[in-house]
S.K.: 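After the structure tokens below, expect a handful of questions from me.
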Amino acid sequence: MNKIIYIFFLSLTMVLNACEEENNLINLTPPKDNLDQLIFDSVYTPASLPAAQPKNVLIEDFTAVKCDNCPNAQKRTDIIVAANPADRVFVIGIHCTSLAIPDAGYPDFRTAHGDDIINYISNNQVTGLPTGDVNQKVFPPDTLPTTTYGSWGANTTSELALTSNVNLDIVSKTYDPNTKKFTMEVAATFQKSFTVPCYFSVALTETGIIGKQLTPTGPVDTFLFKHVLRKMMIPFNGLKIADAPQMGMTYLLKFSTVMDNKWVVDNCKIVAFVHQRQVSKKDVEQVIETTIK
Amino acid sequence: MAKKLLLSIFSGIFFIGILHAQDDKGHLSGDLMLNATAYDRDTTIGTNTSQYLHEKSSAEGWFTLNYRQNGWSFMTRFDLYNNSPLLNPNEAYTHQGLAFYQVDKKIGKWEFTAGHFYDQFGSGILFRAYEDRLIGLDYAVQGIKVQYMPNDSFFIKAFTGLQKNRFDVWPQVMKGVNSEKIWGIGNVSFVTGVGFLNRTLDQGTMNKLANDINNMDYSQRFIPKYNMYAGTIYNTISYKNLSLYTEYAKKSKEAVFITDDVTNVVSLKNLDGDVFYMALNYSFYGFGVSLQYKSINSFIMRTNPYATLLDGIMDYLPALSKQQSMRLPALYSVSAQSQGEKGFQGELTYSINKRNTLDFNASYIQRPGGELLYREFYGDYTKIFSKRVKGEFGVQSLIYNFSVYEGHPGAVVHTITPFMEMSIRLYDPSSVPYPFETKVRLKPSIRFELQYLATRQDSGDYAYALVELNLAPKWSFSATDMLNVVPTHGRTDKINYYSFLVAYTEKQTRLTLGYAKQVAGVVCTGGVCRVEPAFSGLRFGISTNF
């Protein structure tokens, strides 16, 4: 009997150790063309809770080179930015949908996630361009964050009057012109506790690009493109900060990217924001923008 | 609904057992323990949990029923938590119902158990399912266990099940096998055992892990395993007055959360782990020697990596410190660090004669990397002055890594704690009748303790005094005061933590009523510790068995 038992033990150990598990849930290697990193670094409790920052505004302008009315949306964002305090309203021009597929002579401003973003923000209910959102928020009586540009001004004003639930501060940023690598660390300090997860997203934009754009009066070869989304750090819909971020906690988030040779670094900016990611509520809690250099 | 059904089934089995009693008279037994607390908020000591602000009172109770007959054994337990902070000091938890049920049958050399059960492999380093209700622990397994015991010197047992989680279970499956044999060569006897444990993560936990790992830097990512395998081999050698216990346990790689001691940053890692433990005991001519050595490397045995604090622990790692019963020497108690530690403990007891005994203890624990966690030197002298008077005098000196053991930043604590205890019988054991004697002879005795803890760190110096009057076997009255003599951190208020307790025993039933103010800190029983907030209020307790 004893021998049988010990043979059983031995067999059990061998059989179980021989079992190979399959697990394809983890992405171990970055995409081939991607040297980017967006990571959660650490969390700590600051000695004292800083005063809440005034809430900034992110306008996402979904646009396309073959969308004739889209230049009017860009004009509207110019007006809103000029009419409001400096460094509190930021814009990302996201070229998407089939209208962004360039014909001969048109620039290609499509990115890996342009269509993903508009589908995510609008819950797959895009009806046409131009459209956009203010802080990815639903402003009743609207039922989606995405609206026509006519309502962006009023929505921006109402958001600017608020105090932010999250303070966003740049801890450090470096740019190496030799390797063209940009690295930045951001601290997100929560001014209130959340019972839902919050996420952190980073976009890279470029302004001052001259190219061909369809306008209400026809194609224009020397259109000045502003805030063009060049890259959205993955995950495109945000890196989870915590399942339920707590008031008074500071979360450190790091990211790095390598600038493409085609981009003019001096004209590029980083837009970083903390947001929710629910089907019915994707509100941006705070957003900041900074230059590369 | 499921609980009601289960209760009905048990009731049915129970009464069928009674009705069919033939060759074996059934035996019914049970016990009850009930604690009730009323909270009296005292902002000076920091009582600010939910019970002080909202509920104002709480209760916990356990009622156990056992029935044995014809090799069958039935056991059930009703648990009650009303606004209770016991399971989580920062929560007002309310739930009650059938929390434990078990059917056990012995058939010859076999024993079969279904439902909840407690058990352990060897010393428990690999697997231990146990209960310690004083600090809210209940690690029962819900499942099936089979044991085969052909003779008194050998057994093999196996189980599979889920660990209990309050009134539910953790969804991770556990399986285990353990065998032990007693054998010998001449005068040397051996108890040798092996154990094996496997735990499988559920898909929900794996999805959560995958999400967290996919949010990590690519260089730090890893493929987490569903299955964790662990094994142990242990042996006790005994020769005359010498015994040596050794155990080595190892577990396979799995995802575990590791806390950085310096930054307190928690990160997810893919680590295997092991434990080596050795305990030597030797006694001769009034001397008693005990030596222990232990080395732990990330031996984190939990049902899942997201279980926190004392939740979901599958094993028991012994602490390398002297278990203190007095208040101030026990103020900075330690538990084993499953994340990693290495250390030893040595204790020497010398009885000069029947009236004089000396006891010395030294403990030293460090992280595998060398960071000091705990160091203790302890000595006491016990003297029996007469049949009526007994005294104990001693001193303890320790270094305690506050941030590691308490889980939040704080300077390393250095203490020196002299203490004394005197017990005086106020009756002559040989004289009858006793003056206060009524129907039951009451034996009065008085006991007092004096302690002083000196430290420049944490909350500063404390003085402690206890006076206890016992009228055995019925009554016990005690009063204690713990005074923060030299406060630190700029505080000038010398906070008093006083308590009064009355206990009355009637046969097997004991009732207690007390008012207490208790400092916040680590509370340990049997080497398992948890951080508890300050307490202020009235406590009532009743316990009995039948």
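Only a predicted model underlies this, so the values are computations on that prediction, with no experimental measurement involved. Computed over heavy atoms, backbone and side chain alike; hydrogens, waters and symmetry mates excluded. The sequence lines fix the lettering, A, B, ..., with proteins before strands; numbering per chain opens at 1.
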S.K.: For atom CD of A:E22, decide whether the heavy atoms of other residues, nucleotides or ligands shown that lie under 6.0 angstrom number more than 12.
M.R.: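 Atom CD in A:E22 is not packed in, count stays at 12 or less.
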S.K.: For the residue pair A:I26 and B:F222, establish whether any side-chain heavy-atom pair is separated by less than 4.5 Å.
M.R.: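 Side-chain contact under 4.5 Å: no.
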S.K.: With a 4.5 angstrom heavy-atom cut-off, which part of B:I213 approaches chain A: side chain, backbone, both or neither?
M.R.: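 Contact with chain A: side chain only.
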S.K.: Could you tell me whether the side chain of A:N23 and the main chain of B:P224 form a donor-acceptor pair under 3.5 Å?
M.R.: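 Yes.
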S.K.: Flag yes if more than 12 heavy atoms outside A:K180 fall under 6.0 Å of its NZ atom; otherwise flag no.
M.R.: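 For A:K180, atom NZ is crowded (more than 12 foreign heavy atoms under 6.0 Å).
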S.K.: Where do B:Q203 and A:L25 come nearest, in terms of heavy atoms and distance?
M.R.: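 Taking every non-hydrogen atom into account, NE2-CD1, 3.8 Å.
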S.K.: Report the distance from atom OG1 of B:T200 to atom CD of A:E21, rounding to the nearest 0.5 Å.
M.R.: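 Going from OG1 on B:T200 over to CD on A:E21, the span is 8.0 Å.
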S.K.: Report, as yes or no, whether the 6.0 Å neighbourhood of atom NZ on B:K106 holds more than 12 heavy atoms from other residues, nucleotides or ligands.
M.R.: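 Counting other residues, nucleotides and ligands, NZ of B:K106 stays at 12 neighbours or fewer.
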S.K.: Does B:N151 have more than 12 heavy atoms from other residues, nucleotides or ligands lying within 6.0 Å of its CG?
M.R.: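 Yes, the 6.0 Å shell around CG holds more than 12 heavy atoms from other groups.
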S.K.: Should the heavy atoms of other residues, nucleotides or ligands under 6.0 Å from NZ of B:K175 be counted, would the total exceed 12?
M.R.: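 Atom NZ in B:K175 is crowded, with more than 12 foreign heavy atoms closer than 6.0 Å.
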S.K.: What distance do B:K208 atom NZ and A:D243 atom CG have between them, rounded to the nearest 0.5 Å?
M.R.: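 It comes to 5.0 Å.
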